[in-house]
Amino acid sequence: MTPEQLVRIRLQVEKRIAEIDVFLAEDDPESKPVAPDVAIGRLSRLESMQSQQMSLAQRRRQREEKERLENALDRIKKGAYGSCAYCLSPISYERLEAMPDAVVCVSCAR
């Protein structure tokens, strides 16, 4: 991977982390529980609970992605980015561009 490609990936990772930070900073009213004294009906309450769980799961996935991207930034800073964790061969630039948090090459991922 060329230094220019590495800079491009680093900027892509930093941009995505910033996007996730904005998403996580937003106060999501759907993630808040519905008070039991609010009369909205049984089905509406179930729908509200399902919506709440989906919102919480989305936030959890965002936090997990952010952690993977921060690990990728650490690998970039240490000079270990772009090498497969299993076979130590270089991970293709196209794979890293699509999945900047990838730690294994396509062959080892299979």
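Every value quoted in this text rests on a predicted model; they were computed, and no experiment measured them.
Side-chain atoms of E4 and V7, non-hydrogen and from C-beta on, never get closer than 4.5 Å to each other. Taking 4.5 Å as the limit, every side-chain heavy atom of R61 sits out of range of all side-chain heavy atoms of I20. Inter-residue side-chain proximity for Q5 and L96 is flagged as unmet; no heavy-atom pair is nearer than 4.5 Å. For the pair K15/L11, no side-chain contact is recorded, criterion being any heavy-atom separation below 4.5 Å from C-beta on. Considering only heavy atoms from C-beta on, I9 comes within 4.5 Å of Q12 through its side chain.
Across all non-hydrogen atoms, the minimal contact from A102 to R95 is CB-NE, 3.9 Å.
Few gaps surround CD on E64; more than 12 heavy atoms of other groups in view lie less than 6.0 Å from it.
Taking hydrophobic clusters as Ile, Leu, Val, Met, Phe, Trp and Tyr residues chained together by side-chain heavy-atom distances below 4.5 Å, L69 shares a cluster with F23. Hydrophobic clustering, with ILVMFWY side chains joined whenever heavy atoms are under 4.5 angstrom apart, groups L73 together with I91. No chain of hydrophobic side-chain contacts below 4.5 Å, direct or via other Ile, Leu, Val, Met, Phe, Trp or Tyr residues, connects Y93 to V103. Both L24 and I17 sit in one connected hydrophobic cluster of ILVMFWY residues. Membership requires side-chain heavy atoms under 4.5 Å apart, directly or through other members. Linking Ile, Leu, Val, Met, Phe, Trp and Tyr residues whenever their side-chain heavy atoms come within less than 4.5 Å leaves V106 and M1 in two separate clusters.
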(request) Evaluate the criterion salt bridge (Lys or Arg N to Asp or Glu O under 4.0 Å) for residue pair R10 and E14; output intermediate values, then yes/no. (result) CA-CA 6 Å; R10 184 180 53 79; E14 290 171 346; 3.2 Å; yes

(message) Under the criterion side chain to side chain contact (heavy atoms under 4.5 Å, CB included), I'd like the reasoning laid out for V22 against E19: C-alpha separation, chi angles, the key distance, then a yes or no.
(response) CA-CA 5 Å; V22 168; E19 290 170 356; 5.8 Å; no

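Under the rule for a salt bridge (Lys or Arg N to Asp or Glu O under 4.0 Å), R8 has no partner lying at least two apart in sequence or in another chain. Considering only residues two or more places apart in sequence or on other chains, D21 meets the side-chain hydrogen bond (donor to acceptor under 3.5 Å, both in side chains) condition with K66.
Here the straight-line distance linking atom CZ of R59 with atom CD of E26 works out to 7.5 Å at 0.5 Å rounding.
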Mind listing the side-chain donor-acceptor pairs of residues 77-90 below 3.5 Å, one per line with the distance, residues two or more places apart or on another chain?
residue	atom	partner	partner atom	Å
Y81	OH	P100	O	2.7

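Taking the charged nitrogens against the carboxylate oxygens, E65 and R68 have no contact shorter than 4.0 Å, which rules out a salt bridge.
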